[in-house]
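Okay, structure first, notes after.
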Amino acid sequence: MTTYVIIAIVVLIIIFVKMAVVITPQSETKIIERLGKYYATLKPGINVIIPFIDTAKTIVTMSNRRYVYSNSIDLREQVYDFDKQNVITKDNIQMQINALLYFQIIDPFKAVYEINNLPNAIEKLTQTTLRNIIGEMELDQTLTSRDTINTKLRSVLDDATNKWGIKVNRVELQDIIPPTSVLQAMEKQMQAERNKRATILTSEGEKQAAILQSEGEKTSTINRAEAAKQQAILFAEGEAQARIRKAEAEAIAINKITEAVGQSTNPANYLLAQKYIAMMEELAQGDKTKTVYLPYEATNLMGSIGGIKDLFKSE
């Protein structure tokens, strides 16, 4: 009988020690109440309490979007993934938004005693704050101002949850889902904008092509004009040079004739005689009616012919 009593006492002592010694993991804590009154906040490691007199306070936490009761408080940063919320913009467009909330319990005492259901309070506060912020913005601004919404929402939540011992580190909007009709209208608008940009780019391309083509034609016309100008100049210079050469040759011929016939005979009469004889030969070779036109001043022509006669006599 004594043996059973000893065994029972040993078992009770083991149970008592196990209940008295509380091991708290790192980054966690527990709120201990002694006879229903706050007694202590346990630190990580080994802690000793009085069984049946000291008890850990049970709090509500959230896990996988479900409320869970626990006597441990996680001091690490936590994330709440809220369900999609219906919100209305300033221009009366109803949409759905869901958000991620990153927060951390800084003061476990306030998190336990200043609020009854902390996850539910944070969720409801996030919903109402998000609706207020979106209600001040129009649809287009809402879709393009996520950073602004995140900043405003985090600031409001951080101020409101400060009394609960909570620090809101950041808020992220996951999805912003407008109604189907709005999405279709936005898609049509985007398609119209794309078509507009394509038309503008096409017209700009055609404009640039026309400009480049006209500039090319202008340059080509200028080049052709310059080429024709240079050709005309070169042709004129060549003709002038040819006339000069011809005149120089005739001058040399006249000098030679003068040397041959002597200074007493006019060389011009000699040249005129040669051309006259050549002309008469051409008239004689023709097969048509022989018609000879004499100039109005025939006396001068006869005088020249007489000079030719004298020239041949002298020869």
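The figures that follow rest on heavy atoms only: side chains count, while hydrogens, waters and symmetry mates do not.
Across Asp140 and Thr144, no two heavy atoms sit closer than the pair O-OG1, 2.9 Å. Taking each heavy atom of Asn169 and Arg154 in turn, the nearest pair found is O-CD, 3.0 Å. In this structure, Ile133 and Met137 approach most closely via the heavy-atom pair O-CG, 3.5 Å. Considering every non-hydrogen atom in both Pro44 and Pro25, the closest pair reads CB-O, 3.8 Å. Taking each heavy atom of Ile88 and Asn92 in turn, the nearest pair found is CG2-CA, 3.8 Å. Scanning both residues, Leu75 and Gln104, for their nearest heavy atoms gives O-NE2, 3.0 Å.
Checked against side-chain contact (heavy atoms from CB on, under 4.5 Å), Glu136 has no partners two or more places apart in sequence or in another chain. Gln191 pairs by the side-chain hydrogen bond (donor to acceptor under 3.5 Å, both in side chains) definition with Asn195, not counting sequence neighbours. Under the side-chain contact (heavy atoms from CB on, under 4.5 Å) criterion, Glu217 pairs with Gln213, not counting sequence neighbours. Tyr113 pairs by the side-chain hydrogen bond (donor to acceptor under 3.5 Å, both in side chains) definition with Glu33, not counting sequence neighbours. Residues forming a side-chain hydrogen bond (donor to acceptor under 3.5 Å, both in side chains) with Arg197 (at least two apart in sequence, or on another chain): none. In this structure Lys163 satisfies the side-chain contact (heavy atoms from CB on, under 4.5 Å) test with no other residue, sequence neighbours excluded. Not counting sequence neighbours, Lys43 has no partner by the side-chain hydrogen bond (donor to acceptor under 3.5 Å, both in side chains) test. For Glu237, the side-chain contact (heavy atoms from CB on, under 4.5 Å) test picks out Ile233, Leu234, with sequence neighbours left out. Under the rule for a salt bridge (charged side-chain N to carboxylate O under 4.0 Å, His left out), Glu172 has no partner lying at least two apart in sequence or in another chain.
Counting heavy atoms from C-beta on, the side chains of Thr24 and Asn47 come closer than 4.5 Å. Within the 4.5 Å cutoff, the side chain of Thr221 has heavy atoms near those of the Arg224 side chain. A heavy-atom distance below 4.5 Å is not found between the side chains of Asp74 and Ile105. In this structure, the side chains of Gln174 and Asp81 come closer than 4.5 Å at one or more pairs of heavy atoms. Using a 4.5 Å cut-off on side-chain heavy atoms (C-beta onward), Thr161 and Phe103 make no contact. Between Thr142 and Ile149, the closest side-chain pair of non-hydrogen atoms falls below 4.5 Å. Between Glu138 and Thr89, every side-chain heavy-atom pair lies at or beyond the 4.5 Å cut-off. Contact of the Gln96 side chain with the Asp175 side chain is not registered, since no non-hydrogen atoms from C-beta on lie closer than 4.5 Å.
Hydrophobic cluster membership for Ile32: Val22, Tyr39, Leu42, Ile49 (Ile, Leu, Val, Met, Phe, Trp, Tyr linked by side-chain heavy atoms under 4.5 Å, directly or transitively). Chaining together hydrophobic side chains whose heavy atoms lie under 4.5 Å apart places Ile53 alongside Leu35, Ile50. In this structure, Met19 belongs to a hydrophobic cluster whose other members, linked by side-chain heavy atoms under 4.5 Å apart, are Ile7, Val11, Ile15, Phe52.
Atom OG1 of Thr202 and atom CD of Glu206 lie 6.5 Å apart (nearest 0.5 Å). With rounding to the nearest 0.5 angstrom, the CD1 atom of Ile59 is 11.5 Å from the OH atom of Tyr69.
For Ile211, the CD1 atom is densely surrounded, since the number of other residues' heavy atoms within 6.0 Å is greater than 12. Other residues, nucleotides and ligands place more than 12 heavy atoms under 6.0 Å from the CG atom of Asp159. Counting non-hydrogen atoms of neighbouring residues, nucleotides and ligands closer than 6.0 angstrom, the CD atom of Gln231 reaches no more than 12 such neighbours.
The pair Arg170-Glu77 counts as a salt bridge, with a side-chain nitrogen and a carboxylate oxygen less than 4.0 angstrom apart.
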